[in-house]
Structures are given as C-alpha cells and as structure tokens.
Number of protein chains: 2
Amino acid sequence: MDGSDLPRLLLEAHRVLAADLDAELADRGYPDLRPGHAAVFLAVDRRSGTRLTELARRARMTKQGMMLTVDDLEQRGYVRRVPDPEDARAKLVRLTARGRRVAAEYRRAVQAIEQRQRRDLGERRYEQLREVLERIVAPEEHEVA
Amino acid sequence: MDGSDLPRLLLEAHRVLAADLDAELADRGYPDLRPGHAAVFLAVDRRSGTRLTELARRARMTKQGMMLTVDDLEQRGYVRRVPDPEDARAKLVRLTARGRRVAAEYRRAVQAIEQRQRRDLGERRYEQLREVLERIVAPEEHEVA
DNA sequence: CGGCGATCGTCAAGGTGCTTGACCGTTGCC
DNA sequence: GGCAACGGTCAAGCACCTTGACGATCGCCG
C-alpha cells in the first residue's frame, strides 16, 4: 500500500523521530537546537572534552562534516575549542556551562523519544530495533558472536 | 560505545543501505540513478501512470519535493508527464520504455539489498524491522489491530 | 637528529533530498 | 455562478552532510 523500500523507510522513520526530537527541545526552551546537534552533545566527554576527529568517528561521519556542526555550536555558545595539551595539532571540543545544561536537556529529550518508542513498540521490539540498526551500521562489531 | 540516539541511528542505517543501493544500480549499468529515485520507480503505476500528488503521498513527502525528483527523471528520459484525461488540472507521471526497463532493475536492486538484510538479520528480525519502521512512519495504520 | 608519512584541524565547493511560501488554472459543490 | 479546495509549478532556502586540498605537527626509522 505504500511500496517504500527499506532504505527509504529508514529515512522516513528518521525524519519522523528527528521531528519529534526537535519538538521536544523546542518545548524545553531551546528552539535553536537541531537533531543533528545530538551527535555532539551525546558524544562529547563531559569533563575533559573530545577531539573533533574522535567526535566524527563516534558519529560515523567525516571530520569535515563534524566541523560544520561544531562550528555551529561554537557560534551559539554551547561549546568552545581549547588546545589539547597533549598534542599541538589537536584541539578539544569542550562544553560551556550553557552547553552542559543543554546536554542534560538533550539526554532527557532523547530519553523521552526513546521511551515513547518503547511504549509504542514494546520493550522487546524496541531492543531488537536498536540491535538490528547497529548491526546494519557497524556490521563488524556484530560478528557471529 | 557509540552513543547514537535512535533518530540518528536510523539516519546512519539509511545511509548505509542507500549507498548499497547506489552501488547495486551502478553495477547494473545505471550510474546516474540515485536512491531517492526509487520513490518514483517503485510507486508509479506501471501502465496508467500516477499523479504527482499521489506519488508524493505514497512517498510521504510534499508535492514540491516530489516534483524535483520527477523533473530530474523526466530530464533523464525515464518518465514523461502526460495530461490526465479525467482532470485538466492534473498530469500523469508515466514511465517511458527506458523507464520501464530501469524500474525492473530497480526492483531487482532493492530486492538484492533486502535479501542481503534478510540473510544478515534473519527472516524474523527482518520482518520485525519492516513492521516497526512502518509503525513509526505511519502509526495510524497500525492502530490496536 | 633529520626526513617523511600519517594525523589534526581547516577552507572551499558541491550535492542530496527535501522544506515553506506563493501562485495560477481547474474543479466541483452550494 | 461563486468560491474554497485541489493539482501542478516557480522560487528560495535549509539540514546535513560529502570530496578534495592543504598547512602544521607528530612520531618513527634509519
């Protein structure tokens, strides 16, 4: 009745939940945050900060792509770049005080989304969904256990 | 270890499979086709053709968005627009002969992707994945059966 | 210690796959 | 026959990346 192929279905599902996440954050008073920012807020080490390249690796994207996101967050005052004392090439992306507050909201917003899905899908199906997606995204980490 | 939230995970999974689909089509001799085109090739009625608005509805996107895709396919000679005899406002998007050949390749390419996933995930998990995704995308069609 | 390939961050450009907004012509119902 | 609703279109813009190229620094090998 709809005929969507699997790749497209994944994209559509992403959009639905990304819109939900956006709405959650707007409700919590941060209308300028977008779903893509989650990749940083949820991946950055809260105390020490994290290198750009490492953030990119965690989000499975290029460092150039991650830079655009970090640039955006820096401009909005949520993170700042500080030199990495251990390597003069590197910088650490670190949350500002404001950024830490937002990171907390982010985690709550994501939890709200995921809990809604748990409720709608049931615990077992939810867990399987996550497992299956991670398997598609990073097959080598799910070798014949 | 990766920290991706569910919306992001869906996006990442989409990208993996969309890249696979792209590769499948390139292998089959159509390097100019992109995953997004599937929304048309798999949704258009093979004989009669289908209205733009209806295609958009099936793909769960705006008619303007669908127009861009159809424009692209028309320029490449895969579809053409013909007036709808039943409504002077409307046009039918119809496959050309070339378009029909490609639609067949598309279905095969999508099948190849989906069969690989069936193999990697197992039949049961694959079916559940589809069901769950459709549920997220179109909740009203999955009301308390 | 000197050279050199690898790594970190950055700049620039491009691309996919949409969106919102505005509009015109046609339809069809009161 | 008047008018809201619908079908298609033009225009602009946005989210979220990509590939390519490059300078600075690192660290290993000889």
Side-chain angles (χ1 to χ4, degrees), chain A residues 4-5 7-19 21-22 25 31-40 49-57 59-76 79-94, chain B residues 4-5 7-12 14-19 21-22 25 31-40 49-57 59-76 79-93:
Chain A
S4 279
D5 53 296
R8 173 153 198 95
L9 207 45
L10 286 163
L11 180 57
E12 293 174 9
H14 156 72
R15 278 206 257 272
V16 169
L17 296 194
L21 183 51
D22 223 25
L25 288 163
D32 63 328
L33 293 174
R34 290 173 292 97
H37 291 145
V40 173
T50 305
R51 289 186 190 172
L52 185 70
T53 308
E54 175 60 18
L55 286 177
R57 197 195 57 75
R60 284 179 271 262
M61 55 191 272
T62 61
K63 56 187 180 173
Q64 295 95 318
M66 181 52 78
M67 230 205 8
L68 295 176
T69 306
V70 169
D71 282 352
D72 190 37
L73 288 175
E74 188 166 38
Q75 220 174 325
R76 294 172 200 272
V79 303
R80 63 182 193 289
R81 287 164 159 102
V82 302
D84 184 338
E86 296 185 2
D87 188 335
R89 293 170 301 178
K91 295 175 188 173
L92 294 172
V93 175
R94 194 172 283 178
Chain B
S4 278
D5 52 295
R8 173 154 199 95
L9 207 46
L10 286 163
L11 180 56
E12 292 174 8
H14 156 71
R15 279 206 258 269
V16 169
L17 296 195
L21 183 50
D22 223 27
L25 288 163
D32 63 329
L33 293 174
R34 289 174 292 96
H37 292 144
V40 173
T50 305
R51 289 185 190 173
L52 185 69
T53 306
E54 174 61 17
L55 286 177
R57 197 195 58 75
R60 286 179 271 263
M61 53 191 273
T62 61
K63 56 185 178 172
Q64 295 95 318
M66 181 53 78
M67 231 205 8
L68 294 177
T69 305
V70 170
D71 283 352
D72 190 36
L73 289 175
E74 189 167 37
Q75 219 173 326
R76 295 172 199 272
V79 302
R80 64 184 194 286
R81 286 163 160 103
V82 302
D84 184 338
E86 296 185 1
D87 189 334
R89 293 170 302 179
K91 296 175 187 172
L92 294 172
V93 175

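Note that the structure is a prediction, hence the values are computed from the model and not measured. Order of the sequence lines fixes the chain letters, A, B, ..., with proteins taken first and strands second; residue numbering starts at 1 for each chain.
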Spacing between B/L52 atom CG and D/dC10 atom C1', to the nearest angstrom
13 Å
Are the side chains of B/L9 and B/E12 in contact, using a 4.5 Å heavy-atom criterion?
yes
Quick check for you: among C/dG17, D/dT9, D/dC16, whose closest atom lies nearest to any side-chain atom of B/R34?
C/dG17
Thinking salt bridges, do B/E54 and B/R57 make one under a 4.0 Å N-O criterion?
yes
To the nearest 0.5 angstrom, please state how far the CG atom of A/D32 sits from the CG atom of A/L25.
9.5 Å
Salt bridge or not for A/D84 and A/R94, using N-O below 4.0 Å?
no
Non-hydrogen side-chain atoms of A/R80 and A/E74 separated by less than 4.5 Å:
yes
Would you indicate which nucleotide in C/dG9, D/dC17, C/dG17 comes nearest to any side-chain atom of B/L11?
D/dC17
Looking across every strand, which nucleic acid part, if any, lies under 4.0 Å from A/G65 by heavy atom: base, sugar-phosphate, or nothing?
base
Reckon A/T53 touches a base, only the sugar-phosphate, or nothing at all at heavy-atom distances under 4.0 Å?
sugar-phosphate
Classify every nucleotide of nucleotides 24-30 of chain C by which part a protein heavy atom approaches to under 4.0 Å, writing B for the base, S for the sugar-phosphate alone and - for neither, in 5'-to-3' order.
-BBS---
A/A39 backbone acceptor or donor facing B/R8 side chain under 3.5 Å:
no
Phosphate OP1/OP2 of C/dT16 contacted by A/R8 side-chain N/O (<4.0 Å):
no
Looking only at N and O atoms, is any donor in the side chain of B/K63 or the base of D/dG8 less than 3.5 Å from an acceptor on the other one?
yes
Where do B/A59 and B/M66 come nearest, in terms of heavy atoms and distance?
CB-CE, 3.7 Å
What are the atom names and distances for every N/O pair under 3.5 Å that joins the protein to nucleotides 12-14 of chain C?
none

Identify whether the distance between the nearest side-chain nitrogen and carboxylate oxygen of B/D71 and B/R81 falls below 4.0 Å.
yes
Picking from C/dC18, C/dG9, D/dC17, which would you name as closest to the side chain of A/M67?
C/dG9
Choosing from C/dG17, C/dT19, D/dG8, which nucleotide comes nearest the side chain of A/R15?
C/dG17
